[in-house]
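To start, the structure under review is shown below, and the notes come after it.
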Amino acid sequence: MKIIVCIKQVPGTTSVDIDPETGVLKRSGVTSKMNPYDLYALETALRLKKTYGGEIAVITMGPPQAEAVIREAFMMGADGGLLMTDIKFSGADVLATSRALASGIRSTGGFDLIICGKQTTDGDTAQVGPAIAEHLSIPHVTWVSRIVEADAETIVVEQNMAESLEVVRLRFPCLITVDKDINTPRLPSYLNMKKSNNWQVKKLRLADLPDNSEKDYGLSGSPTQVERIFQPEADVEQVIWNNDTVDAPQLLFEMLKSDKFLKGVI
């Protein structure tokens with residue numbers, strides 16, 4: 001089974017500046033980490049490999065320093081990595097991002113399964129995974145909470161639909177996105193770090209893609225534009241009652257009632 005896992009380097013802090021002209025995050029000089037949801041995707045791939053055999057490659061798009069998350073994936077057990085890095089990819093929306101990743105995946109020469117995390121913590125759209133599948137014209141299932149079984153031609157997954165669980169059989173090649181309830185990611189291994197220390201990370205630029213028209217990637221290929229991004233203001237008001245003589249439950253009731261959090265109460 002050949003598995004490709006999509007990963008992303010995201011800011012490791014919520015204190016990130018925004019470019020006022022483009023509306024994109026300023027990532028330079030900001031502490032970064034692997035997108036937390038992608039850890040669950042990688043762990044899912046590693047468990048599938050252990051059960052059914054095969055190989056795992058990770059792919060990411062970002063600046064040169066995004067190679068760090070590929071190295072982290074190596075330390076967890078991935079077999080190879082591809083970094084799509086070019087200034088012409090920057091500022092991409094869901095459409096341009098998924099188009100670039102789909103092109104990069106095609107360049108790997110074939111696959112059985114693509115696994116993505118449910119979403120990223122910096123974009124939160126949860127749309128890139130399904131969009132990649134559409135570009136590749138393959139079936140996909142989102143919100144996967146359990147891998148039921150797999151064979152040489154298909155995989156059976158359980159999909160969490162909030163109000164119900166659905167069991168779906170997909171024929172390879174296909175794509176799934178997984179939620180954090182699916183497993184507990186392992187820690188990076190020192191032995192894997194030593195083994196992969198000299199491994200090469202393949203890099204792709206826009207010119208390396210068969211479809212390399214600049215109008216299809218980055219800001220130029222993004223039909224949606226962010227109108228405004230801003231840091232939410234912290235507006236927390238606390239009321240503390242620490243007097244033993246205070247009837248705290250009654251005071252809380254009156255406060256909720258006056259703020260109209262309680263309806264139908266006279």
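What you are looking at is a predicted structure, and each value in this text was computed from that prediction instead of being measured. Sequence positions, counted from 1, serve as the residue numbers for this chain.
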Side chain to side chain, Cys6 and Val128, heavy atoms closer than 4.5 Å: no
Backbone of Gly221 reached by a side-chain donor or acceptor of Asp216 within 3.5 Å: no
ILVMFWY network linking Phe89 to Leu219, side-chain heavy atoms under 4.5 angstrom: no
Point-to-point distance, once rounded to the nearest 0.5 Å, from CZ of Arg99 to CD of Glu134: 13.0 Å
Linked, directly or transitively: Ile56 and Val144 (ILVMFWY side chains, under 4.5 Å): yes
Between Gln119 and Asp124: side-chain donor-acceptor atoms closer than 3.5 Å: yes
Minimum-distance pair of heavy atoms, taken over all atoms of Gly117 and Ala41: N-CB, 3.7 Å
Arg71 side chain reached by Trp199 side chain, heavy atoms, under 4.5 Å: yes
Shortest non-hydrogen contact from Thr85 toward Gly62: OG1-O, 2.9 Å
Worked verdict on Leu46 versus Arg186 for side-chain contact (heavy atoms from CB on, under 4.5 Å): CA-CA 10 Å; Leu46 292 167; Arg186 68 194 65 190; 3.7 Å; yes
Min side-chain heavy-atom separation Gln9-Asn35 under 4.5 Å: no
Transitive ILVMFWY side-chain link Leu170 to Ile182, under 4.5 Å: yes
Between Asp211 and Ser103, a side-chain donor and acceptor under 3.5 Å: no
Nearest-0.5 Å distance that lies between atom CG in Leu209 and atom NZ in Lys88: 11.0 Å
salt_bridge(Lys203, Glu67) N-O dist < 4.0 Å: yes
Min side-chain heavy-atom separation Leu83-Gln65 under 4.5 Å: no
Side chains of Ser145 and Asp179, donor plus acceptor under 3.5 Å: no
Shortest non-hydrogen contact from Thr142 toward Pro130: CG2-CG, 3.6 Å
Sub-4.5 Å side-chain heavy-atom contact between Ile147 and Leu48: yes
Gap between atom NZ of Lys215 and atom OG of Ser222 - 0.5 Å precision: 13.0 Å
Phe172 vs Ile155 side-chain heavy atoms within contact, under 4.5 Å: yes
Interatomic spacing from CG in Asp208 to CG in Asn212 - rounded to 0.5 Å: 8.5 Å
Check ion pair Lys2-Asp112 (N to O, under 4.0 angstrom): no
Minimal non-hydrogen separation, Ser107 against Leu204, with atom names: OG-CD1, 3.4 Å
Nearest non-hydrogen partners of Ile138 and Pro173, listed with the distance: CB-O, 3.6 Å
Nearest non-hydrogen partners of Thr60 and Ala66, listed with the distance: CG2-O, 4.2 Å
Close side-chain approach of Ile114 to Leu136, heavy-atom, < 4.5 Å: yes
Connected via hydrophobic side-chain network under 4.5 Å: Ile70 and Met34: yes
Side-chain heavy atoms of Val178 within contact of Ile115, under 4.5 Å: yes
Salt bridge flag under 4.0 Å for residues Asp79 and Lys49: yes
Interatomic spacing from NE2 in His140 to SG in Cys116 - rounded to 0.5 Å: 10.5 Å
Enclosure of Gln200 CD (heavy-atom neighbours >12, cutoff 6.0 Å): no
Linked, directly or transitively: Ile132 and Ile7 (ILVMFWY side chains, under 4.5 Å): no
Distance (rounded to the nearest 0.5 Å) between His135 NE2 and Arg106 CZ: 8.0 Å
Salt bridge Arg169-Glu153, side-chain N to carboxylate O under 4.0 Å: no
